[in-house]
Amino acid sequence: MKVGILSYHFPPEPAFIPGSLAEELAARGHEVRVLTGFPDYPGGHVYPGWRQRWRHETRSDRLTVRRVPRWTGGDASVRARMATWLSFAGSAGLIGRGHLAGVDALYVHQLPPTTFAALGLLRLLGRVPTLLHVQDVRPELVGPTAMTGPWAARVAAATRRLYRSADLVAVTAPGMRDLVVADGADPARVRLVLNWTDERIFHPAEPTREARRLVRGDGDGRCVVMHAGTIGARQGLETAVRAAAPLRGTIDLVLVGSGGDEPAVRGLATELGAGNVRFVARRSALEMADLYAAADYQLVMLRDLPELRGTVPGKLQAALSCASPVVASAGGDTVELVERFRAGLSCPPEDWAILADRFWLAATIPPPARLEMGRRGREAYLRDMSLRGGVDRVERLLHEIAAPRRGTERNSRLGAEL
């Protein structure tokens, strides 16, 4: 097939799903054309060495990546975000009509910044079969930079139109299905495609001496629970700090990363005298498997919000792929998967007392049992969430939506020949 991919982010940004999908589909013999922007995540400024321009295209065997300019301001305000999203939509419309002309199917890596661009392209391309892979539902409604008022209503309306326009809507968690249906998707056209992780980076490893020093500190043998990733409004890590504070001498809570809520989380740890809560600055993705291996458990947290119950954060796939046992404080699909895979401990979100009990229980579980939880998680990842399995599912769905159109075109050619 000729497959188009529309993605707001693409490597070298940390956008593994569209990047690996493009590479795998091309390796399987499909002609893949990617339409994306210039790399600017997470800082909001174009990466050093890159310059936005209209004619930027890279080609490799069966894979073409066309980048289009967009406004970048490095500002999280609603006005700045909308300027960025709409400028990307305009650029994608100007270039995409030619770059994606003639594709058999279009894959849209769906995040809110892609919504307006996807709607515009569907109008310009003339009813191209489209698979919408929804990565998040209503994320712009959470946190201190939440979008409200007229622009929130416009984004919601555009999202509903996009759900109705797509031939198939793929969701990344079982509970997300109900959310996209509530927002306008046809239940008969919703499919489940769990996300995968970068298996070249996240895999079982032996920790290096430096990783042990960063994660285990003085190395006195305490159980170490590590959270790696964003310290933001969606994670609610204040709950984890409150849970860890009474367990000094039993567990260490190590937070690796940064984010908008980091000052508040640090302040709470100081206020509670939680010396067993330690912060490690954001590290390269290439170091993460070693850091995971140096900890005893990975902490996966989401706040108790309806739009997060149908979300599975990427750190769960990463932990499972690394054979790391998990402590999950969340609702909905995240906890359900951990329990089904028997890959760790779980509890409801935003209840520090219950989470403290899980931390204490985690510390009492002997190392062989922890290894067994990690092994079960790794097996479940390979069975249900792997790169190969995920691309297989996407490829089948692309064939499904493209088949009627390709059959019509084939019949038309045969008729002309006769």
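Along the sequence shown, the residues carry numbers beginning at 1. All values derive from a computational prediction rather than experimental measurement.
Under 4.0 Å is where a charged nitrogen must lie from a carboxylate oxygen, and between Arg375 and Glu379 at least one such pair does. Ionic pairing of Arg212 and Asp290 is not present here: no N-O contact between side-chain nitrogen and carboxylate oxygen is shorter than 4.0 angstrom. We find that Arg376 and Glu372 are joined by a salt bridge, their nearest charged nitrogen and carboxylate oxygen being less than 4.0 Å apart. Ion pairing of Arg340 with Asp333 is absent here, as no side-chain N (NZ or NE/NH1/NH2) approaches a carboxylate O to less than 4.0 Å. One finds a salt bridge joining Glu31 and Arg33 here, because a Lys/Arg side-chain nitrogen approaches an Asp/Glu carboxylate oxygen to under 4.0 Å. Under a 4.0 Å N-O distance rule, the pair Arg234/Asp136 qualifies as a salt bridge.
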Going through the distances and angles, do Glu287 and Thr208 end up as a side chain to side chain contact (heavy atoms under 4.5 Å, CB included)? CA-CA 10 Å; Glu287 300 177 58; Thr208 62; over 6 Å; no
May I have the step-by-step check of side chain to side chain contact (heavy atoms under 4.5 Å, CB included) for Tyr292 and Phe202, ending in yes or no? CA-CA 9 Å; Tyr292 277 36; Phe202 295 102; 4.2 Å; yes
Between Phe16 and Thr197, is the side chain to side chain contact (heavy atoms under 4.5 Å, CB included) condition met? List the steps. CA-CA 7 Å; Phe16 178 72; Thr197 194; 5.5 Å; no
Does Leu397 form a side chain to side chain contact (heavy atoms under 4.5 Å, CB included) with Ile401? I'd like the steps, not just the answer. CA-CA 6 Å; Leu397 296 180; Ile401 62 175; 5.8 Å; no
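For the pair Gln317 and Val312, the minimum side-chain heavy-atom distance is below 4.5 Å. At least one side-chain heavy atom of Tyr297 sits under 4.5 Å from a side-chain heavy atom of Pro325. Using a 4.5 Å cut-off on side-chain heavy atoms (C-beta onward), Val338 and Met373 make no contact. Side-chain atoms of Arg309 and Asp304, non-hydrogen and from C-beta on, do get closer than 4.5 Å to each other. Residues Ser20 and Trp196 meet the side-chain proximity criterion, which asks for heavy atoms closer than 4.5 Å. The side-chain heavy atoms of Leu21 and Val32, taken from C-beta on, include no pair separated by under 4.5 Å. Side-chain contact between Leu355 and Val327 is present, with at least one heavy-atom pair separated by less than 4.5 Å. At a threshold of 4.5 Å between non-hydrogen side-chain atoms, the residues Leu255 and Arg266 do not count as touching.
In this structure, Arg378 contributes its side chain and His203 its backbone to no donor-acceptor pair below 3.5 Å. With Glu199 contributing its side chain and Leu387 its backbone, the two residues share a donor-acceptor pair below 3.5 Å. A distance-only check finds a donor-acceptor pair linking the side chain of Thr115 to the backbone of Pro112 [under 3.5 Å]. Remark: the backbone N or O of Gln110 is not paired with any side-chain donor or acceptor of Thr114 at under 3.5 angstrom. With hydrogens and angles ignored, the 3.5 Å screen pairs no side-chain donor or acceptor of Arg283 with any backbone N or O of Val256. Not one N or O on the side chain of Asp261 forms a donor-acceptor pair closer than 3.5 Å with the backbone of Leu237. Although no hydrogens or angles enter the test, the distance criterion places no donor-acceptor pair under 3.5 Å between the side chain of Ser346 and the main chain of Ala328. Panel note: side chain Asp183, backbone Arg160; no donor-acceptor pair is recorded below 3.5 Å. In terms of modelled atom types and a separation under 3.5 Å, the side chain of Asn276 and the main chain of Ile251 share a donor-acceptor contact. Formation of a donor-acceptor pair under 3.5 Å by the Arg303 side chain with backbone atoms of Glu350 is not found in this model.
In Arg388, the CZ atom is not crowded: 12 or fewer heavy atoms of neighbouring residues, nucleotides or ligands sit closer than 6.0 Å. Heavy atoms from other residues, nucleotides or ligands lying under 6.0 Å from CZ of Arg53 number more than 12.
When every heavy atom of Leu253 is checked against every heavy atom of Val241, the shortest pair comes out as CD2-N, 4.0 Å. The shortest heavy-atom contact between Leu194 and Asp384 is CD1-O, 3.5 Å. Leu179 and Pro306 get closest at one heavy-atom pair: CD1-O, 4.1 Å. Pro18 approaches Ile5 most closely through the heavy-atom pair O-CD1, 4.4 Å. Pairing each heavy atom of Pro313 with each of Leu302, the nearest pair is CD-CD1, 3.8 Å. When all heavy atoms of Arg97 and Leu121 are compared, the closest pair comes out as N-CD2, 4.2 Å.
By the 30° and 60° cut-offs, the orientation of the rings of Phe116 relative to Trp151 is perpendicular. Between His56 and Phe38, the two ring planes are perpendicular [angle over 60°; tilted spans 30° to 60°]. Using a 30° and 60° split on the angle between ring planes, His109 and His133 fall in the perpendicular class, above 60°. Between Tyr41 and His9, the angle of the ring planes lies from 30° to 60°, which puts this pair in the tilted group.
For the atom pair CZ (Arg127) and CG (Leu106), the distance works out to 10.5 Å, reported to the nearest 0.5 Å. To the nearest 0.5 Å, the span separating CZ on Arg216 from CG on Leu291 amounts to 12.0 Å. In this structure, CH2 on Trp352 lies 13.0 Å from OG on Ser329, to the nearest 0.5 angstrom. Leu122 CG to Leu162 CG: the interatomic distance, rounded to the nearest 0.5 Å, is 6.5 Å.
Relative to the ring axis of Tyr8, Arg70 places its NZ or CZ within 45° and under 6.0 Å from the centre.
Side-chain atoms of His30 and Glu395 form a donor-acceptor pair, as typed in the model, at a separation below 3.5 Å.
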